[in-house]
Trainee: 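I have a structure I would like to understand better, so I am pasting it below and will then ask my questions one at a time.
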Amino acid sequence: MIIAFSALVILYCLVLIESVWVLLHGRVKFAEISNAEPQKANAVSVIMCALLPNEEEILLNSVRKVLGEIEFNKKNELIVSIASIESSRVLADLRTLELSHGQLRVLLSKEIVGKFAQLNSAIKCAQNDLIYLLDADEYPVERVLERACRQHSRDEIWQGVTLPRNQNVLFEKIVGSETKIKYLVGLQFRALGGGNVYFCGSNAIWPRQKLVSLQFNNASLVEDVEISVRANLEGHQVHFKPWLIATELAPSKLTSWWIQRRRWAKGWLEVGQHHFHDLVVSKRLNWRQKYDWLYLIYLRRVVLATAWLTYFTSAALVITFGSINTSDVLFDWALHIVPLQLSVAIIQVAATSNTGTRSGLLSKSSVLYVLCFPFYELMKSAVALDAVRLSALGRHEWQVTPRGMRPKE
């Protein structure tokens, strides 16, 4: 129990350190986009993947939004790669839209094997030197893509920031705050401090030849993280562009959230399983990059979840055999670990308030995130343990996040 307690304290202190660093040194301003040079914009192929009928309620809205954002260059194109084993009303609407809009191309696969297959088929069809990757519920904010195409050198990999736009109910607000912190604190800390960027399959701009060379594969359920690892291992630097903003839909139900996060956690474990040796011995990665990858794969997920499990299991055994009562264990948790967790959450929210986003330290979403953080961390650790269980059983099913919600404009 003492070892588990010490591990929890150390891990949360590491999170606190990175949050304080971003608070003091990050201060990313989204106003950077106003400094774009007035040069000709590069042509871009936008690739969006969707699974029907699961995402039929959100896909058409996203397609129309993106079509409005690529009008700045007649050579731009939107490739919608769809996997569907049955007919869909939205698919018929997309076919009609494709006939009337020259920049839209719809690819259909009757086989559902994973997002990596849809991405690879769309990449082969792309006609421009730049490729911009999006999910079905995702689209860039107004004119950001045009500004990015004006600035891009056509040789760099860019990763932007994706923020949830549905913030109506309590759970959405908590997940929205967590997502903002994930990008503006965690990702910024590793991008600016060590050069690690790890979500390059969503809201990311790639030179086409680099994507063709690397290809997405089925080695992990998190294809964006997996290709980011291989890009790093092959010496490609990914540039973090926090002004390249897109919005998405956060899970609005606990069941959807659990399925999504379990897939993510299991995918991270598979990334570690396939690339652990390469990450450790690579001469292209510096010590900070190696630490960041191993921290993200193992410490922040497996070790943290195991520490929580060990802590409460040990406490249960101690209580059962009568050497300590339940109230003492809860008091110890509330006195030592919860204050550290609340400090982490407060600093994280404070760090994001320096980035120019609308929500500040005392916004409703921020306050809810801070108050719920200790319990939310337990939920994430429970998901991680569930992912470890599935990994031990050899399960590799690609389970999509349940949708069915109406899009919020």
Trainee: I want to check something: taking the side chain as every heavy atom from C-beta on, are Pro164 and Glu172 in contact at a cut-off of under 4.5 Å?
Mentor: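 They are not in contact (no side-chain heavy atoms under 4.5 Å apart), so the answer is no.
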
Trainee: Kindly give the heavy-atom pair with the smallest separation between Leu249 and Asp137, and that separation in Å.
Mentor: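 Looking at all heavy atoms of both residues, the closest pair is N-OD2, 3.0 Å.
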
Trainee: Please assess Arg230 against Glu234 for the test salt bridge (Lys or Arg N to Asp or Glu O under 4.0 Å), listing each intermediate value before the final yes or no.
Mentor: CA-CA 6 Å; Arg230 287 189 288 117; Glu234 294 194 14; 5.3 Å; no

Trainee: Please lay out, stage by stage, how Met48 and Asp135 fare under the test side chain to side chain contact (heavy atoms under 4.5 Å, CB included).
Mentor: CA-CA 5 Å; Met48 179 181 293; Asp135 289 331; over 6 Å; no

Trainee: So, His152 side chain and Glu156 main chain: donor-acceptor pair closer than 3.5 Å or not?
Mentor: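 Such a contact is found between His152 side chain and Glu156 backbone.
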
Trainee: Can you check whether Leu119 reaches Glu223 side chain to side chain, under 4.5 Å on heavy atoms?
Mentor: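 They are in side-chain contact.
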
Trainee: Is there side-chain contact between Thr162 and Thr179, with at least one heavy-atom pair below 4.5 Å?
Mentor: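 In short, these two side chains do not touch, never coming nearer than 4.5 Å.
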
Trainee: So which atom in Asn166 and which in Glu248 form the shortest heavy-atom distance, rounded to 0.1 Å?
Mentor: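 Heavy-atom minimum between the residues: OD1-O, 3.8 Å.
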
Trainee: Could you go through the side-chain hydrogen bond (donor to acceptor under 3.5 Å, both in side chains) check for Glu226 and His274 one step at a time?
Mentor: CA-CA 9 Å; Glu226 198 276 335; His274 290 283; over 6 Å; no

Trainee: Got a second to check how far Ser177's OG is from Leu163's CG, nearest 0.5 Å?
Mentor: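 Here the rounded value is 10.5 Å.
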
Trainee: Show, in sequence, the C-alpha distance, side-chain angles and deciding distance for Arg300 and Glu377, and conclude whether the salt bridge (Lys or Arg N to Asp or Glu O under 4.0 Å) test is met.
Mentor: CA-CA 11 Å; Arg300 191 72 180 100; Glu377 283 290 291; 3.4 Å; yes

Trainee: Are Glu77 and Ile70 close enough that some pair of their side-chain heavy atoms sits under 4.5 Å apart?
Mentor: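 A side-chain contact is absent here, since even the closest heavy-atom pair is not under 4.5 Å.
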
Trainee: Side-chain contact, heavy-atom cut-off 4.5 Å: Leu368 with Leu170?
Mentor: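 The answer is yes, as the side chains (C-beta and beyond) meet within the 4.5 Å cut-off.
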
Trainee: Using 0.5 Å steps for rounding, measure from the CD1 atom of Ile123 to the CD atom of Gln118.
Mentor: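 Between Ile123 CD1 and Gln118 CD, I get 11.5 Å after rounding to 0.5 Å.
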
Trainee: Can you find a side-chain donor-acceptor pair between Arg190 and Tyr291 that sits under 3.5 Å?
Mentor: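 Result is no, nothing qualifies.
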
Trainee: Starting at CD1 of Ile337, measure out to CG of Leu342 and round the result to the nearest 0.5 Å.
Mentor: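 Rounded to the nearest 0.5 Å, the CD1-CG separation comes out at 12.0 Å.
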
Trainee: Taking atom CG of Leu97 and atom CD of Gln103, what is their separation to the nearest 0.5 Å?
Mentor: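 Answer for the CG-CD pair, Leu97 versus Gln103, is 11.0 Å.
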
Trainee: If you compare all heavy atoms of Arg89 against all heavy atoms of Glu57, which two are closest, and at what distance to 0.1 Å?
Mentor: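 Nearest heavy atoms, Arg89 then Glu57: NH2-OE2, 4.4 Å.
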
Trainee: Could you give the distance from OG (Ser45) to NZ (Lys75), rounded to the nearest 0.5 Å?
Mentor: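 The OG atom of Ser45 sits 11.5 Å away from the NZ atom of Lys75.
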
Trainee: Taking the side chain as every heavy atom from C-beta outward, state whether Asn232 and Arg284 have any pair of such atoms under 4.5 Å apart.
Mentor: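 SC-SC contact between Asn232 and Arg284 ruled out.
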
Trainee: Any idea which heavy atoms bring Ser19 and Gln348 closest together, and the distance?
Mentor: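 Between these two residues, the closest heavy atoms are OG-CG, 3.2 Å.
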
Trainee: One pair to check against side chain to side chain contact (heavy atoms under 4.5 Å, CB included): Val229 and Tyr198. What are the steps and the verdict?
Mentor: CA-CA 7 Å; Val229 171; Tyr198 40 86; over 6 Å; no

Trainee: Counting only heavy atoms not in Arg64, do more than 12 sit closer than 6.0 Å to its CZ atom?
Mentor: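 It does not: Arg64 CZ has 12 such atoms or fewer within range.
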
Trainee: Using a 4.5 Å cut-off on heavy atoms from C-beta on, say whether the side chain of Asn203 contacts that of Tyr132.
Mentor: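 The answer is yes; the side chains approach within 4.5 Å.
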
Trainee: Using ring-ring contact (aromatic ring centres under 6.0 Å, His included), reason through Phe199 and Tyr183 one step at a time and then give a plain yes or no.
Mentor: CA-CA 10 Å; Phe199 295 127; Tyr183 278 97; 5.5 Å; yes

Trainee: Verify, without hydrogens or angle tests, whether Asp386 (side chain) and Ala382 (backbone) share a donor-acceptor contact under 3.5 angstrom.
Mentor: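 A pair under 3.5 Å: no.
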
Trainee: Determine the minimum heavy-atom distance between Asn73 and Asn42, stating which atoms define it.
Mentor: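 The answer is ND2-C, 4.0 Å.
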
Trainee: Test salt bridge (Lys or Arg N to Asp or Glu O under 4.0 Å) on Glu178 and Lys182; report intermediate values, then the result.
Mentor: CA-CA 6 Å; Glu178 179 212 15; Lys182 176 176 67 177; over 6 Å; no

Trainee: How long is the straight-line distance from NE2 of His236 back to CH2 of Trp206, given to the nearest 0.5 Å?
Mentor: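 The CH2 atom of Trp206 sits 7.0 Å away from the NE2 atom of His236.
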
Trainee: Give a yes or no on whether the backbone of Trp257 and the side-chain of Gln260 come within a donor-acceptor separation of less than 3.5 Å.
Mentor: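 No, the answer is negative, given that no donor and acceptor are paired below the 3.5 Å cut-off.
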
Trainee: So which heavy atom on Glu138 is nearest to which on Ser202, and how close?
Mentor: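 Minimum heavy-atom contact is OE1-OG, 2.8 Å.
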
Trainee: Would you say that more than 12 heavy atoms from the other residues, nucleotides or ligands in this model lie under 6.0 Å from the CZ of Arg208, or not?
Mentor: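 Count over threshold, so yes.
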
Trainee: Apply the ring pair (Phe, Tyr, Trp, His ring centres under 6.0 Å) test between Phe373 and each candidate in Phe375, Tyr376, Tyr369; give the one that qualifies.
Mentor: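 One option only clears the test, and that one is Tyr369.
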
Trainee: Can you confirm whether Leu91 sits close enough to Leu52 that some side-chain heavy atom of one is under 4.5 Å from a side-chain heavy atom of the other?
Mentor: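 A side-chain contact under 4.5 Å exists here.
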
